[in-house]
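Shown next, in structure tokens, is the structure this report addresses.
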Amino acid sequence: MGNTWCGLCACVDQAGIGVVERWGRFEKLAPPGLHFFNPFSGEALAGVLSTRIQSLEVRIETKTKDNVFVQLICSIQYRVVKMNADDAFYELQNPQEQIQAYVFDVVRALVPRMTLDELFEQKGEVAKAVLEELEKVMGAYGYSIEHILMVDIIPDPSVRRAMNEINAAQRLQLASVYKGEAEKVLLVKKAEAEAEAKYLGGVGVAKQRQAITDGLRENILNFSRKVEGTSAKEVMDLIMITQYFDTIKDLGNSSNNTTVFIPHGPGHVRDIGDQIRNGLMEATSAKINGAAG
């Protein structure tokens, strides 16, 4: 319901405050409700002010310390103080222009002392400074400043593009570092795995050869004990010939189509036996020397 009045009576809305004059001079404030006036005594309702919170959006263009032009969007919520409604009614003809002028003054005095990054980080401090100045000034005119919000900070379009490119470059650089670290860890782990595999493979081969040597030694000793008059050399030659023919047999039974050419004859069998026997003797000699050292 709005405010209605005629010469004899007036109804002031709940969210309003009336100003009563007598012969053109301020008389009193009229609270919400129905009021009657005596026109013969010069009493009349001069006007009604709204006590609702009002919002004013102010756009300020200024320059930062690092010479970047920015546009700040500031939202001011204000209202008329009921007890001082007469000051608001008589002192200011256009409160919005007054508020805007003071916002311009404070922002353009404070922002040029900040860099663009500092402005983004301390926009709350800018809003606080504007609030303190407006409360001090507008309070004398019957207005209360409820809130001030620094809604947005808009740099020049070219600066915004440059900032986005810098941010993108930094993120790409960070991603490259992480990718390099991951590849480094992968290569290190791969090298460690290969070294461990080679070590275990070497241990397996050494144990295999040790088992073969122990088996041959055991066979030679058993054969020498059971067949009298035989020497270790003769037993070794017999074992080598048996192993040689087993190998030839395995090659012939293999399913692979690969053809392997090897020398074959009695003399070659003797040469193979000599080579294996010399290898065993050298290994035994190296083991004895190592134990002596």
Side-chain angles (χ1 to χ4, degrees), residues 15-17 49-185:
I17 188 75
L49 292 175
S50 174
T51 57
R52 291 188 178 94
I53 293 179
Q54 302 179 62
S55 180
L56 174 65
E57 184 178 283
V58 181
R59 292 177 176 264
I60 315 107
E61 186 173 359
T62 184
K63 187 178 73 170
T64 61
K65 186 177 180 180
D66 48 353
N67 297 320
V68 178
F69 282 92
V70 294
Q71 186 179 70
L72 287 81
I73 302 177
C74 186
S75 179
I76 298 102
Q77 282 81 44
Y78 67 98
R79 72 193 310 170
V80 173
V81 180
K82 292 183 178 181
M83 300 297 297
N84 301 324
D86 54 327
D87 292 332
F89 186 79
Y90 291 106
E91 296 293 336
L92 288 180
Q93 183 176 3
N94 193 331
Q96 289 83 5
E97 289 186 0
Q98 187 78 1
I99 292 174
Q100 184 171 335
Y102 278 102
V103 172
F104 276 27
D105 182 66
V106 174
V107 170
R108 287 177 174 170
L110 186 61
V111 171
R113 290 182 286 176
M114 298 179 177
T115 63
L116 183 60
D117 291 337
E118 291 173 347
L119 177 59
F120 275 100
E121 294 172 359
Q122 303 176 23
K123 67 176 184 178
E125 298 297 325
V126 177
K128 182 179 178 182
V130 175
L131 177 62
E132 292 176 353
E133 183 66 20
L134 286 180
E135 282 182 339
K136 181 173 60 176
V137 174
M138 298 304 294
Y141 297 119
Y143 285 91
S144 170
I145 307 299
E146 300 295 324
H147 301 285
I148 292 183
L149 303 175
M150 198 61 63
V151 179
D152 200 3
I153 300 173
I154 307 174
D156 185 82
S158 60
V159 176
R160 296 177 68 178
R161 287 194 298 270
M163 292 175 65
N164 290 333
E165 290 175 359
I166 291 173
N167 189 24
Q170 290 176 345
R171 291 183 182 276
L172 288 174
Q173 182 180 9
L174 186 61
S176 300
V177 171
Y178 285 147
K179 183 178 179 181
E181 290 295 329
E183 292 178 351
K184 176 183 176 182
V185 172

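All residue numbers in this chain count up from 1 along the given sequence.
A donor-acceptor pair is defined here as one N or O able to donate and one able to accept, closer than 3.5 Å; no such pair exists between the side chain of S50 and the backbone of G16.
At least one side-chain heavy atom of V58 sits under 4.5 Å from a side-chain heavy atom of F104. Contact annotation: the side chain of P95 approaches that of Y143 to within less than 4.5 Å [non-hydrogen atoms, C-beta and beyond]. At least one side-chain heavy atom of R79 sits under 4.5 Å from a side-chain heavy atom of I53. Taking the side chain as every heavy atom from C-beta outward, M114 and E121 never approach each other to under 4.5 Å. Taking 4.5 Å as the limit, every side-chain heavy atom of Y78 sits out of range of all side-chain heavy atoms of L134. Between E125 and L110, every side-chain heavy-atom pair lies at or beyond the 4.5 Å cut-off.
Residue-environment remark: CZ (F69) stays at or below the threshold of 12 foreign heavy atoms within 6.0 Å.
A pairwise comparison of heavy atoms in A85 and L49 identifies O-CD1, 3.4 Å as the closest pair.
Judged by distance alone, the side chains of T115 and D117 never bring a donor and an acceptor atom under 3.5 Å apart. When only modelled atom types and interatomic distance are considered, Q77 and S75 share a side-chain donor-acceptor pair under 3.5 Å.
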* Going through the distances and angles, do E135 and L131 end up as a side-chain contact (heavy atoms from CB on, under 4.5 Å)? -> CA-CA 6 Å; E135 282 182 339; L131 177 62; 3.8 Å; yes
* To do: Go through the steps to decide whether E61 and R59 satisfy the test salt bridge (charged side-chain N to carboxylate O under 4.0 Å, His left out), and finish with yes or no.
  => CA-CA 7 Å; E61 186 173 359; R59 292 177 176 264; over 6 Å; no
* What's the verdict on salt bridge (charged side-chain N to carboxylate O under 4.0 Å, His left out) for E133 and K136, showing C-alpha distance, side-chain angles and the deciding distance? -> CA-CA 5 Å; E133 183 66 20; K136 181 173 60 176; 3.6 Å; yes
